[in-house]
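Quick notes on the structure that follows.
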Amino acid sequence: MPRYSPKVSNPTVTRLTEVLTKYYFLTETCAQCVRPLPNKSQLYAEAVNKWKTRHECYRPRRGDETAKAAFLTAVDAVCDIQSRTPEDCYLIIFACSAGLQFSMDGDYVTLTDAERIQVMVDSQRISMQQVKEYMAKHQSPASKEKVDNLIGTHFRYCTGSDSSDIKECFVGDYLTSHHLKDSYYVVSYKDGGEEAMVSESEMEEMLKNRQHSQKARHSHRGLEACTR
């Protein structure tokens, strides 16, 4: 990955941009790992309790250089974790948040207004590009085209052999969980049920049983046989 080349020569701008880019990138990619999990609220609560015991990642007192060095070392160690279990993802997110707050309260406030704007704009722009590249590696071109065509659509489908057993759903998002080693569609249903995760194989089955909208509009009962 090429190093960041700032528009100005201030080394603090370069360092902060690279640090914030790393924090933003790790936060977003780890969030995408846990976002599809149905029990993410419980996992988050458990992670918070465990985080409270990570005293080495607590913000150091201002002016204590020894504590500052130990804090940055601890945060970097967490950011270097390669595992993407839910526990590790939340740990990385929390560490990035701590590091981000420390950076914003430290060297960032010593910059000029123009330099601060540059750091924020560049770090967010670069990190978002890195996130796109990272996610693209986990999705084939054919799959991407299919996903793009499904996101934001409604469709009705038969849920069983009985052609009157119809559901209507809205496809809201597509997420990849590296913990579960799979990708999921996030769908919501017209009957008001909660959002659900639907695996790619389940979506394939739903699409096989999908109703043709043109026929559905001309059906007196609004129901028709499944299209196999």
Side-chain angles (χ1 to χ4, degrees), residues 1-37 40 43-45 47-48 50-139 173-179:
M1 183 181 300
R3 289 182 60 82
Y4 165 69
S5 298
K7 298 177 183 177
V8 296
S9 58
N10 188 339
T12 302
V13 170
T14 303
R15 181 177 56 80
L16 277 177
T17 300
E18 291 178 347
V19 168
L20 266 59
T21 296
K22 178 178 72 172
Y23 292 151
Y24 289 143
F25 170 78
L26 288 173
T27 297
E28 178 58 26
T29 52
C30 285
Q32 293 201 27
C33 289
V34 298
R35 196 174 289 140
L37 302 178
K40 57 181 177 289
L43 293 169
Y44 173 81
V48 168
K50 292 180 179 179
W51 174 252
K52 292 177 180 178
T53 67
R54 305 283 300 220
H55 302 293
E56 71 275 17
C57 291
Y58 282 15
R59 185 185 301 192
R61 290 175 296 181
R62 198 177 292 271
D64 189 336
E65 293 300 319
T66 301
K68 173 183 175 180
F71 166 80
L72 292 175
T73 298
V75 168
D76 285 342
V78 173
C79 290
D80 288 340
I81 293 175
Q82 297 301 307
S83 167
R84 288 298 181 266
T85 65
E87 180 179 344
D88 286 332
C89 282
Y90 280 121
L91 178 61
I92 293 170
I93 291 171
F94 296 158
C96 287
S97 177
L100 183 62
Q101 292 176 18
F102 179 80
S103 298
M104 299 297 286
D105 292 341
D107 292 337
Y108 182 79
V109 299
T110 68
L111 302 177
T112 66
D113 289 344
E115 289 171 337
R116 293 179 191 175
I117 292 173
Q118 181 183 339
V119 168
M120 295 305 299
V121 170
D122 287 348
S123 60
Q124 292 182 15
R125 173 181 57 81
I126 296 170
S127 63
M128 288 301 99
Q129 182 60 38
Q130 291 177 355
V131 169
K132 288 181 180 178
E133 293 173 357
Y134 176 85
M135 297 309 298
K137 291 180 180 179
H138 297 84
Q139 194 173 328
D173 206 348
Y174 178 85
L175 304 169
T176 298
S177 170
H178 299 294
H179 170 60

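Nothing here was measured: the structure is a model prediction, and the numbers come from that model.
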message = Can you list everything that forms a side-chain hydrogen bond (donor to acceptor under 3.5 Å, both in side chains) with K50? Sequence neighbours excluded, please.
response = E87
note = Output for pair (L111 CG, T12 OG1), nearest 0.5 Å, gives 6.5 Å
side-chain hydrogen bond (donor to acceptor under 3.5 Å, both in side chains) pairs, two or more places apart, involving residues 66-75 = none
ask   = Hey, is the main chain of F25 close enough, under 3.5 Å, to the side chain of Y134 for a donor-acceptor pair?
value = no
message = Tell me if a side-chain donor or acceptor on R116 pairs with a main-chain N or O of V109 at a distance below 3.5 Å.
response = yes
inquiry  = For T110, give me all partners under side-chain hydrogen bond (donor to acceptor under 3.5 Å, both in side chains), at least two apart in sequence or on another chain.
reply    = none
message = With rounding to the nearest 0.5 angstrom, report the SG to CD1 distance, C30 to I92.
response = 4.0 Å
task = Go through the structure and list residues passing side-chain hydrogen bond (donor to acceptor under 3.5 Å, both in side chains) with E56, not counting sequence neighbours.
result = R54
ask   = Would you call K22-D80 a salt bridge at under 4.0 Å N-O?
value = no
key: Salt-bridge contact E28-K132 (side-chain N to carboxylate O under 4.0 Å)   = no
request  = Could you grab the distance from atom OG1 of T27 to atom CD of Q32, nearest 0.5 Å is fine?
outcome  = 11.5 Å
query = Excluding sequence neighbours, so at least two apart, what forms side chain to side chain contact (heavy atoms under 4.5 Å, CB included) with A114?
reply = T112
query = Hey, what do you get for SG (C89) to CG (L26), rounding to the nearest 0.5 Å?
reply = 10.0 Å
task = For F102 and F71, run ring pair (Phe, Tyr, Trp, His ring centres under 6.0 Å): C-alpha distance rounded to whole Å, both residues' side-chain angles, the deciding distance at 0.1 Å, then the answer.
result = CA-CA 10 Å; F102 179 80; F71 166 80; 5.1 Å; yes
task = Provide the full list of ring-ring contact (aromatic ring centres under 6.0 Å, His included) pairs with a residue in residues 78-100, sequence neighbours left out, each pair given once.
result = Y44-Y90, Y44-F94, W51-F94
note = In short, salt bridge (Lys or Arg N to Asp or Glu O under 4.0 Å) pairs touching residues 91-103 with sequence neighbours left out are none
key: pair C79-C96: side-chain heavy atoms closer than 4.5 Å   = yes
inquiry  = Test of understanding: with side chain to side chain contact (heavy atoms under 4.5 Å, CB included), list the residues that count as partners of T21, not counting sequence neighbours.
reply    = T17, S123, I126, S127, Q130
ask   = So do E115 and Y108 actually touch side chain to side chain, heavy atoms under 4.5 Å?
value = no
remark   = Residue set satisfying side-chain hydrogen bond (donor to acceptor under 3.5 Å, both in side chains) with D173, at least two apart, ordered chain then number -> none
request  = Would you check if M120 and M104 make a side-chain contact, meaning some heavy-atom pair closer than 4.5 Å?
outcome  = yes
key: Shortest non-hydrogen separation from Y23 to S103 and the atoms involved   = CE1-OG, 4.1 Å
request  = Give, for atom SG of C57 and atom CG of L91, the distance between the pair rounded to the nearest 0.5 Å.
outcome  = 7.0 Å
ask   = Which pairs, with at least one residue in residues 94-105 and sequence neighbours excluded, count as a salt bridge (Lys or Arg N to Asp or Glu O under 4.0 Å)?
value = R59-D105
request  = Output every pair passing salt bridge (Lys or Arg N to Asp or Glu O under 4.0 Å) with a member in residues 89-102, not counting sequence neighbours, ordered by first then second residue.
outcome  = none
inquiry  = Can you tell me how far apart CG (D107) and CZ (R15) are? Round to the nearest 0.5 Å.
reply    = 4.5 Å
message = Could you work out, with salt bridge (Lys or Arg N to Asp or Glu O under 4.0 Å) as the rule, every residue matching R62, not counting sequence neighbours?
response = none
